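Keep in mind that this is a model prediction, so the values were computed, not measured.
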Amino acid sequence: SILVSCETVDQALLLYKNPEISGMYLYYDAMSLCMSKGLQYQKDLYLTLPYITRGSAPEGFFETCSQWLENGMKGFLVRNLESYGMLRHLGWQKYCVLDTSIYTWNNESVSFWKKEGILRNTVPYELNEKEIAHRNNSNSEMIIYGNIPLMLSAQCVRKNTLKCDCNERKMILKDRYEKEFSCCCVCHPWKTGTTKTKERCYNIIYNSLPYGLLKESKQVLALGMQSLRISLTMETAKETEQILDEFLGVYYHNRIPVERNFTKGHFKRGAE
């Protein structure tokens, strides 16, 4: 099965119409909209939690989550141990999907999390094909497309260059080779619309090229994953439709992959 994670409400509204997508990872604002439309009966819906968690969740956050779980939400995409601790405290381990940022590099770590009783983990970007093949992937999801966060920073790029206006927006950073890296200012990590401007923000700096395993579908499918994920971040509606069409076509319908300029991350290389 293929699931899709998205950052915006607009992307979510495009995704839910596609019958080939079995599930969606959504932030709070998009989840609120999708639950009100009853989409949890059409797709598996998971609430995405912030990359960095400092302090506690907004007031009433987990009460709402509890209602959503009762009404058919499947679980949470967990990106750090602080968030996991909050969910564990509530006895919600069985609803947790661990993202790439939580360590599951080897079978010891995979079995540790299995004992914790989580739903599934996500294969780390750092492993190559051979290393992934030696890992127990029966409880794993693998990302086949996405803009990879190179760095998470509590130093706000916008505040340091212009001024902070607490409006979430994107900036472009250039390196000495004139390569462009998109930087997203995440001013309201919980996406509830209720948090004040003093909320602790962070920046995500993305790689200059998107990661994509379009030509490698045969190798990916041979790794025995439980599910695959397309990760959408800054894509426009048109780009979202194109990516879905290409990846679903190759992975589901054996279509010949088009020529695309993707990074393969460590898939061919592995961690040093």
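For the pair N128 (side chain) and K130 (backbone), a donor-acceptor distance under 3.5 Å is present. In this structure, the side chain of S32 does not engage the main chain of D29 through any donor-acceptor pair within 3.5 Å. No donor-acceptor pair closer than 3.5 Å links the side chain of S66 to the backbone N or O of F62. Formation of a donor-acceptor pair under 3.5 Å by the E239 side chain with backbone atoms of T236 is found in this model. Between the side chain of R54 and the backbone N or O of C201, at least one donor-acceptor pair lies under 3.5 Å. Checking side-chain atoms of N71 against main-chain N and O of Q67 turns up a donor-acceptor pair under 3.5 Å. Checking side-chain atoms of S101 against main-chain N and O of R79 turns up a donor-acceptor pair under 3.5 Å.
Residues F247 and V4 form no side-chain contact, since every pair of their non-hydrogen atoms from C-beta on lies 4.5 Å or further apart. In this structure the side chain of L228 never reaches within 4.5 angstrom of the side chain of E141, judged on heavy atoms. Side-chain contact check for I148 versus Y206: every heavy-atom pair is 4.5 Å or farther apart. Here the side chains of I243 and K238 are not in contact, with every heavy-atom distance at 4.5 Å or above. W190 has its side chain within reach of P50: a pair of non-hydrogen atoms, C-beta onward, lies under 4.5 Å apart. Counting only heavy atoms from C-beta outward, the side chains of N203 and V186 never approach each other to under 4.5 Å. No side-chain heavy atom of S138 sits less than 4.5 Å from a side-chain heavy atom of Q226. Side chains of F267 and V220 form a contact here, defined as non-hydrogen atoms less than 4.5 Å apart.
Using a 3.5 Å distance cut-off with no hydrogens or angles, the side chains of T104 and R135 do pair a donor with an acceptor. Side-chain atoms of N121 and S140 form a donor-acceptor pair, as typed in the model, at a separation below 3.5 Å. For H253 and E20, the side-chain atoms include at least one donor-acceptor pair closer than 3.5 Å. Side chain to side chain, D10 and T8 fail the donor-acceptor criterion of an N or O pair below 3.5 Å. A side-chain donor from one of N106 and S109 sits under 3.5 Å from a side-chain acceptor of the other. Side-chain polar atoms of T53 and S83 form a donor-acceptor pair below 3.5 angstrom. For the residue pair T233/E7, the side-chain donor-acceptor check at 3.5 Å is not satisfied.
L69 and L119 end up in different hydrophobic clusters when Ile, Leu, Val, Met, Phe, Trp and Tyr side chains are linked at under 4.5 Å. Note: the hydrophobic cluster containing I132 does not contain V110 (ILVMFWY, side chain heavy atoms under 4.5 Å, direct or indirect links). Cluster annotation: L98 and L152 are assigned to distinct hydrophobic clusters (Ile/Leu/Val/Met/Phe/Trp/Tyr, side-chain heavy-atom contacts under 4.5 Å, transitive). No continuous path of hydrophobic side-chain contacts links F262 to L209 [ILVMFWY only; heavy atoms under 4.5 Å]. Following chains of ILVMFWY side-chain contacts shorter than 4.5 Å, one cannot reach L15 starting from L77, and the two form parts of different hydrophobic clusters.
The distance from atom CD of E178 to atom NZ of K174, rounded to the nearest 0.5 Å, is 4.5 Å. Atoms CG and OG, on D99 and S5 in that order, are 7.5 Å from each other to the nearest 0.5 Å. To the nearest 0.5 Å, atom CD of residue E129 and atom CD of residue Q219 are 5.0 Å apart. We find the CE-CG distance between M151 and L173 to be 9.5 Å, quoted to the nearest 0.5 Å. Note that CD1 of I21 and CG of D44 are 12.5 Å apart. Values are rounded to the nearest 0.5 Å. Note that the OH atom of Y202 and the SG atom of C185 stand 12.0 Å from one another [nearest 0.5 Å].
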Go through Q93 and Y84 one step at a time and tell me if the side-chain hydrogen bond (donor to acceptor under 3.5 Å, both in side chains) criterion holds. CA-CA 8 Å; Q93 298 95 305; Y84 180 72; 4.8 Å; no
Evaluate the criterion side-chain contact (heavy atoms from CB on, under 4.5 Å) for residue pair S111 and N136; output intermediate values, then yes/no. CA-CA 9 Å; S111 66; N136 174 7; over 6 Å; no
Could you check Y16 against K37 for side-chain contact (heavy atoms from CB on, under 4.5 Å), going step by step and ending with a plain yes or no? CA-CA 11 Å; Y16 85 82; K37 286 178 174 287; 4.3 Å; yes
Starting from the C-alpha separation in whole Å, work towards a yes-or-no answer on side-chain contact (heavy atoms from CB on, under 4.5 Å) for D175 and F181. CA-CA 8 Å; D175 69 6; F181 298 82; 3.6 Å; yes
Could you go step by step and tell me if Y25 and R229 meet the side-chain contact (heavy atoms from CB on, under 4.5 Å) rule? CA-CA 10 Å; Y25 296 101; R229 189 193 317 165; 3.6 Å; yes
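Listed by chain and residue number, Y145, N147 satisfy the side-chain hydrogen bond (donor to acceptor under 3.5 Å, both in side chains) test with E235 (two or more places apart in sequence, or in another chain).
Relative to the six-membered ring of Y46, K74 misses at least one condition, a distance below 6.0 Å or an angle of at most 45° to the axis.
Here the closest heavy-atom approach between residue L232 and residue T240 is recorded as CD1-CG2, 3.6 Å. Residues I2 and I144 approach most closely at CD1-CD1, 4.4 Å, considering heavy atoms. Looking at every heavy atom in both residues, S227 comes nearest to L3 through CB-CD1, 3.6 Å. Summarising the geometry of G72 relative to Q40, their closest heavy-atom pair is O-CB, 3.8 Å, with the distance given to 0.1 Å. Across all non-hydrogen atoms, the minimal contact from L213 to Y251 is O-OH, 2.6 Å. Shown here for W113 and I102, the closest heavy-atom pair between the two residues is CZ2-CG2, 3.6 Å.
Heavy atoms from other residues, nucleotides or ligands lying under 6.0 Å from CD1 of I172 number more than 12.
Checked against the 6.0 Å centroid criterion, the rings of F61 and Y28 qualify as a close aromatic pair.
Chaining together hydrophobic side chains whose heavy atoms lie under 4.5 Å apart leaves Y41 on its own.
Just one of R255, R260, K215 meets the salt bridge (Lys or Arg N to Asp or Glu O under 4.0 Å) condition when paired with E246; it is R260.
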